[in-house]
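Numbers here are sequence positions counted from 1. The structure presented is a predicted model; accordingly, all values stated were derived computationally and were not measured.
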Amino acid sequence: MAKPRYYFTGESQKADLDFANLGFDYIRCPYRFEAVCEHGVWRVRGLLEDSAMNLPEGSQCLHYGQQLFEGMKVYTGADGKAYAFRPYDNARRMAEGARYLKGPEVPEELFVRGVEEAAAANLPFIPPHGSGASLYLRPFYLGVDDNVGVKPARRYIFRVFVTPVGPYFKGGFGPDQGKSFMVTSFDRAAPRGTGHVKAGGNYASSFHPCFEAKKKGFDEALYLDPAEHKYIDEIGAANFLALKGDTLITPDSHSVLPSLTRMSLLEIASQLLGWSTEERQIPLEELDEVDATACCGTAAILTWIRRIVDGDREWTFEFDDRWQQLHDSLVGIQTGAADDPFGWRHEIPLD
């Protein structure tokens, strides 16, 4: 289809939305990008206006969970340009997931094309710089087929849709926005299962523990390792971080998704801020010895943790200014407000 054209009734070149007060919710945008793979060949369908999908009732994505997704953001930079954050790394992570689920990889060039076209087509919905909001992109991958057997599909759909969002946790980041988490006895992913790939089924298992935690007044559930229930694994859909002395520590676990946000924060901490970092098992009891805790992810960015509760045990933490340093360094790179020595920012072509 031709490049979308927009006409505005006022001076603003943005959609009529209160960007500064958005929640992390779905707002339908005009365009999405799609490609289809059959017989090992990807065919680009390009930009579509219809958000509905027509899937065969026997599709593997519906019955057997042959489905992957990514989460990423596009920001309006301080220079007025639009930037995606590490899209090629998202592409590589989806490709790893496709290999594990025995489907064809989405070529990196096709993945990034989908990101670029979906973002550029929905330009008025990319929040303005300084609003605290961003355009969330959801690239996803479905195995679709007329099938009843437990086997990989013969046809696949890759699609990217977008929605403008505010903070994942209400209130966003700040010294007065510490969150509270409850240790759950439930597991999110098996020790040798699919926790290391971003498969949709991994997240359905978190609905019940999350509901139970929120019912008791917590923001989310904290998961321990599924093998021994001894070590901290992750928090809901976010990774765990802690400051212990001069060191930033984070869990090393096969059942946790390799978060690009966490990897970015570790690199910023070690290479820009000069901190020592460790990826290792963190026993729950070690919370007695840490100075501050936080969680991170594409949606959550960086959120500090005020309180962790495990039955009749409780740990509380004060806000640490180092979280502010880490948060501001990451967001500065993402939004173009700071230099990007790592080459993570990817400019979205808008012409």
Side-chain angles (χ1 to χ4, degrees), residues 20-25 71 73 132-134 136 165-188 202-203 205-225 231-244 248-251 253 256-257 259-262 264-266 268-269 282-331 334:
N21 292 298
L22 292 177
F24 198 85
D25 301 299
K73 290 180 176 179
S134 58
Y136 183 79
V165 298
Y168 183 74
F169 289 111
K170 188 176 181 180
F173 181 84
D176 58 346
Q177 295 297 332
K179 304 306 176 186
S180 180
F181 298 97
M182 183 189 80
V183 177
T184 179
S185 60
F186 293 97
D187 297 328
R188 191 193 65 83
N202 293 341
Y203 295 82
S205 59
S206 71
F207 291 170
H208 179 72
C210 178
F211 178 84
E212 292 298 309
K214 290 185 176 181
K215 187 169 66 173
K216 295 179 180 179
F218 296 90
D219 292 286
E220 250 285 14
L222 183 151
Y223 296 88
L224 301 180
D225 74 287
Y231 302 100
I232 295 173
D233 242 20
E234 61 184 342
I235 292 175
N239 287 156
F240 179 81
L241 299 167
L243 290 167
K244 185 177 181 179
L248 178 66
I249 60 176
T250 187
S253 171
V256 172
L257 184 76
S259 163
L260 297 178
T261 303
R262 185 184 71 160
S264 301
L265 290 171
L266 288 172
I268 289 170
I282 304 174
L284 184 63
E285 285 71 20
E286 193 172 347
L287 291 177
D288 292 333
E289 305 168 21
V290 305
D291 302 309
T293 55
C295 60
C296 68
T298 298
I301 306 179
L302 181 66
T303 301
W304 76 277
I305 300 171
R306 176 176 55 84
R307 178 170 170 253
I308 295 174
V309 175
D310 177 32
D312 58 358
R313 297 188 296 175
E314 180 174 326
W315 296 267
T316 58
F317 305 93
E318 297 296 324
F319 180 76
D320 193 301
D321 289 337
R322 289 175 290 179
W323 292 139
Q324 191 77 56
Q325 283 183 275
L326 200 56
H327 174 273
D328 292 352
S329 297
L330 174 63
V331 173
Q334 291 175 327

Is any side-chain heavy atom of [X] closer than 4.5 Å to a side-chain heavy atom of [Y]?
X: Glu220; Y: Ser206; value: no
X: Ile301; Y: Thr261; value: no
X: Val290; Y: Leu243; value: no
X: Lys73; Y: Tyr136; value: yes
X: Thr298; Y: Leu260; value: no
X: Ser253; Y: Tyr231; value: no
X: Lys244; Y: Glu289; value: yes
X: Glu212; Y: Phe218; value: no

Minimum heavy-atom separation for [X] and [Y], please, with both atom names.
X: Gly166; Y: Phe24; result: O-CD1, 3.6 Å
X: Tyr223; Y: Pro209; result: OH-CB, 3.4 Å
X: Cys295; Y: Phe181; result: SG-CZ, 4.1 Å
X: Ala213; Y: Ala221; result: CB-N, 3.9 Å

Audit row: Met182, Lys216, side chain to side chain contact (heavy atoms under 4.5 Å, CB included) steps and yes/no:
CA-CA 9 Å; Met182 183 189 80; Lys216 295 179 180 179; 3.7 Å; yes
Apply the test side chain to side chain contact (heavy atoms under 4.5 Å, CB included) to residues Ile249 and Glu286: give CA-CA distance (whole Å), side-chain angles for both, the deciding distance (0.1 Å), then the verdict.
CA-CA 11 Å; Ile249 60 176; Glu286 193 172 347; 4.2 Å; yes
Would you find more than 12 non-hydrogen atoms of other residues, nucleotides or ligands less than 6.0 Å from Phe173 atom CZ?
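Counting neighbours around CZ of Phe173, more than 12 heavy atoms of other residues, nucleotides or ligands fall under 6.0 Å, so yes.
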Rounded to the nearest 0.5 Å, what's the gap from [atom1] on [X] to [atom2] on [Y]? Could you check?
X: Thr303; Y: Trp323; atom1: OG1; atom2: CH2; value: 11.0 Å
X: Glu285; Y: Ile232; atom1: CD; atom2: CD1; value: 9.0 Å
X: Leu302; Y: Gln325; atom1: CG; atom2: CD; value: 12.0 Å
X: Leu257; Y: Asn202; atom1: CG; atom2: CG; value: 8.0 Å
X: Asp176; Y: Arg306; atom1: CG; atom2: CZ; value: 11.0 Å
X: Gln334; Y: Ser264; atom1: CD; atom2: OG; value: 7.5 Å

Please name the residue in the list Leu265, Leu241, Val256 that meets the side-chain contact (heavy atoms from CB on, under 4.5 Å) test with Thr250.
Leu241
Among Val183, Leu284, Ile308, whose side-chain contact (heavy atoms from CB on, under 4.5 Å) with Arg313 holds?
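Exactly one candidate clears the test, Leu284.
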Who pairs with [X] by side-chain hydrogen bond (donor to acceptor under 3.5 Å, both in side chains), at least two apart in sequence or on another chain?
X: Asp288; answer: Trp315
X: Asp187; answer: His229
X: Glu318; answer: none

Worked verdict on Ile235 versus Ile305 for side chain to side chain contact (heavy atoms under 4.5 Å, CB included)
CA-CA 10 Å; Ile235 292 175; Ile305 300 171; 3.3 Å; yes
For the pair Phe319 and Trp304, name the ring-plane relationship: parallel under 30°, tilted 30 to 60°, perpendicular over 60°.
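Taking Trp304 first and then Phe319, their aromatic rings stand perpendicular (interplane angle over 60°).
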Has Asn239 got a side-chain atom pairing as donor or acceptor with Cys296's backbone, closer than 3.5 angstrom?
no
If we ignore hydrogens and angles and just use 3.5 Å, is the side chain of Ser205 paired with the main-chain N or O of Arg188 as donor and acceptor?
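Yes, Ser205 side chain to Arg188 backbone: donor-acceptor pair under 3.5 Å.
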How far apart are the C-alpha atoms of Val165 and Leu22, what are their side-chain angles, what is the distance that settles it, and do they pass the side chain to side chain contact (heavy atoms under 4.5 Å, CB included) test?
CA-CA 6 Å; Val165 298; Leu22 292 177; 5.8 Å; no
